[in-house]
Amino acid sequence: MSNMAPDIHGNGAAEKTPSMENMDVADDGDDGDVKMKKRVTLMNGVAIIVGTIIGSGIFVSPVGVLVNCGSVGLSVIVWAVCGVVTIIGALCFAELGTCIPKSGGDYIYVLEAFGDAFEGCAGRCSGAGAQKFCRHIGRLMAFLCLWINLLIIRPTTQAIVALTFANYIVKPFFPTCDGPDAAIRLLAVLCLVTLTFINCASVRAATRVQDIFTVAKVLALVLIIICGFVQIGKGEAEYLKPDKAFEGTISDVGRIAVGFYSGLFAYGGWNYLNFVTEELQNPYVNLPRAIIIGLSLVTVVYVLTNVAYFTVLSPAQMLVAPAVAVTFGDQLLGVMSWIIPVSVALSCFGGVNGSLFTSGRLFFVGAREGHLPDVMAMIHTRSLSPVPALIFTCTLSVIMLVSDDIFVLINYVSYIWYLWFGIATVGMIMLRFRRPDLPRPYKVPFALPVIFLLVCIFLVVFSFVQIPYECLFGTIIMLSGIPFYMVGVYWENKPKWLTNFLDSFTYYSQMTLSVVPQHTYG
């Protein structure tokens, strides 16, 4: 955000220094590049999608759909429909990710689609100030998407999942009561710091952690599914029988819509691979493949896990169970029931890792585009990880753990996910008309973005109808980024003392963290 922005795109010829010449660059290329490498494989990509979607919710409280549907049959149908809708949205993002092959997800898509969309408006304005403001409207939109992720969404999500990890890792030691709050929060901090260290030290280590913990959580859910099928084989699935499956179905469309809303949010994280597109090997092929494989797997696992739960638990028991999977395990697994709380902890650990991995890339790209301080767009000279951005997101998450209001904060901004998904989808439709010649290695039928946009509009409007005050407060939080944009980006002729301070901060941060701008030296 300073006037002295580094050459992060590698466009200019940078002067070599002795330290640069002796620098240990990537170990998977001999081209002298100091830049983030394409180390994310197809399997890693699937693990990022599956590992960030499947958190603690499917284990602990998959009742948001059931309570608003009333019956087993309708709730299973809603879970499946939510999976299909999520796949539609993800396929739209696959097109965006292959025609705009940059990391950053919906932030970069909004920036690319709307960044220059108001140039015509600027040309019709008479004053220089009005022209400048019009040129910044699209960039401001993208900044607000980045801002709400930076301030609330990413740190609160990571803090909440880390807290859930800590709660379940101590559960075997406190089987009949809650663990000490201070100890749980310290364990959550330890989880965040450990995973941040791994992500800073090695991209490969971070992706391996993601692979291992994704496999662990899927195997835990497969165990639950197998137990459920065994019960069906025994003929003990009373609540899945045709005469009882739809018993108690709620006919109120508004209630069913709330259940649909809850189901879609259980699939949150489906767009996370789009935040690391530049590091994905062969993204034009592997991005759509990873999305199709990952989301198909999640949808099948979610539906079958809920079916398995109903082979043992009645709808009434599910609604009152403090942790559905734990109750399920207590009834079927006997002395091995400890597997379930450990699986929840492992699932959360992998979820935090995936979120940290992608958050670091989001803030790295935001700085590269001039929307965050320059040092955030730098990578470590050896690991080639965006160390400053990773430390930044970890620090914000740890700060959130101090507060008792993090669950309230995430409720304020829950609708904003689909607000920006919708805006990015509008951008995708605009690009079809404004830039028809843009290469699109993967292209979806035009009906799919239209369907997904209608779903996004429904979710945003429905949120304002159901929880207007929370949504209003969340909007105010998002719009609080405007003055920061005006000072950090819009204000170009900053005083010398401020630019000197920012340059000094960047310099000493580089020296401390051993990071450099993403350059190509040759």
Side-chain angles (χ1 to χ4, degrees), residues 36-37 39-40 44 47-48 51-52 55-56 103-105 146 149-167 169 183-214 216 269 272-273 275-276 279 345-368 372-373 375-403 406 410 509-516 518:
M36 297 166 78
K37 301 295 182 182
R39 290 173 172 167
V40 179
N44 298 148
I48 288 171
T52 49
S56 62
S103 297
L146 177 67
N149 273 280
L150 178 150
L151 190 66
I152 302 293
I153 293 177
R154 290 308 185 108
T156 52
T157 301
Q158 287 155 191
I160 288 170
V161 179
L163 273 176
T164 308
F165 159 79
N167 268 300
I169 206 70
I184 288 171
R185 289 181 185 269
L186 283 174
L187 274 174
V189 171
L190 181 62
C191 168
L192 287 164
V193 172
T194 300
L195 287 172
T196 300
F197 175 79
I198 293 171
N199 274 268
C200 290
S202 170
V203 175
R204 284 200 180 96
T207 55
R208 285 192 187 114
V209 167
Q210 192 66 25
D211 293 346
I212 291 168
F213 283 89
T214 297
Y272 273 29
L273 186 59
F275 289 98
V276 298
E279 294 173 79
L346 295 177
S347 180
C348 293
F349 194 79
V352 174
N353 183 70
S355 185
L356 284 170
F357 187 85
T358 55
S359 295
R361 275 65 183 174
L362 171 60
F363 301 146
F364 167 85
V365 172
R368 189 176 67 185
L372 292 175
V375 70
M376 298 268 282
M378 297 187 183
I379 58 176
H380 194 268
T381 55
R382 292 182 181 274
S383 69
L384 305 180
S385 296
V387 170
L390 286 164
I391 292 174
F392 178 74
T393 187
C394 176
T395 302
L396 288 179
S397 300
V398 170
I399 291 171
M400 288 293 178
L401 286 172
V402 177
S403 171
I406 51 176
I410 201 66
S509 297
Q510 284 187 261
M511 295 299 102
T512 303
L513 300 175
S514 188
V515 293
V516 294
Q518 188 170 241

Worksheet item: With Cys394, which of Leu396, Ile391, Val398 fulfils side chain to side chain contact (heavy atoms under 4.5 Å, CB included)?
Response: Val398
Item to complete: Report the residue from Thr196, Asn199, Thr194, Thr52 that forms a side chain to side chain donor-acceptor pair (under 3.5 Å) with Asn353.
Response: Asn199
Worksheet entry | Spatial distance of atom CD (Gln518) from atom CZ (Arg368) [nearest 0.5 Å] | 6.0 Å
Practice prompt. Answer yes or no: is there a donor N or O on one side and an acceptor on the other, between the side chain of Arg204 and the main chain of Arg39, under 3.5 Å?
Written response: no
Practice prompt. State the OG1-CE distance between Thr393 and Met376, to the nearest 0.5 angstrom.
Written response: 8.0 Å
Practice prompt. Return the orientation label for the Phe349 and Phe213 ring planes: parallel under 30°, perpendicular over 60°, tilted otherwise.
Written response: tilted
Worksheet entry | Gap separating the CG atom of Leu513 from the CE atom of Met378, nearest 0.5 angstrom | 10.0 Å
Worksheet item: Which heavy atom in Met36 sits nearest to a heavy atom in Leu384, and how many Å separate them?
Response: CG-O, 3.5 Å
Fill in: Shortest non-hydrogen separation from Ala367 to Ala377 and the atoms involved
CB-N, 3.4 Å
Worksheet item: Between Ala389 and Gly360, which heavy-atom pair has the shortest distance, and what is it?
Response: CB-O, 3.3 Å
Worksheet item: Would you say the side-chain atoms of Thr358 and Arg154 include a donor-acceptor pair closer than 3.5 Å?
Response: yes
Worksheet item: Looking at OG1 of Thr207 and CD1 of Ile198, how far apart are the two atoms once the value is rounded to the nearest 0.5 Å?
Response: 11.0 Å
Worksheet item: Do Val203 and Glu279 touch side chain to side chain, with heavy atoms closer than 4.5 Å?
Response: yes
Item to complete: Measure the CG-CE distance between Leu151 and Met400 for me, rounded to the nearest 0.5 Å.
Response: 6.0 Å
Worksheet item: Looking only at heavy atoms, which two atoms of Ile169 and Ala345 are closest? And how far apart?
Response: CD1-CB, 3.8 Å
Worksheet, complete the sentence: Between Asp211 and Ala47, the two heavy atoms sitting closest are OD1-CB, 3.1 Å
Worksheet item: So, the side chain of Ser355 versus the backbone of Gln158: is there a donor-acceptor pair under 3.5 Å, distance only?
Response: no
Item to complete: Verify, without hydrogens or angle tests, whether Ser347 (side chain) and Gly55 (backbone) share a donor-acceptor contact under 3.5 angstrom.
Response: yes
Worksheet entry | Nearest non-hydrogen partners of Ser397 and Ala159, listed with the distance | O-CB, 3.6 Å
Worksheet, complete the sentence: Rounding to 0.5 Å, atoms CZ (Phe363) and CG (Leu390) come to a distance of 10.0 Å
Item to complete: Give the intermediate values and the outcome of side chain to side chain contact (heavy atoms under 4.5 Å, CB included) for residues Val276 and Phe357.
Response: CA-CA 9 Å; Val276 298; Phe357 187 85; 3.6 Å; yes
Worksheet item: Would you say the side chain of Phe275 lies within less than 4.5 Å of the side chain of Ile48, judging by non-hydrogen atoms?
Response: no
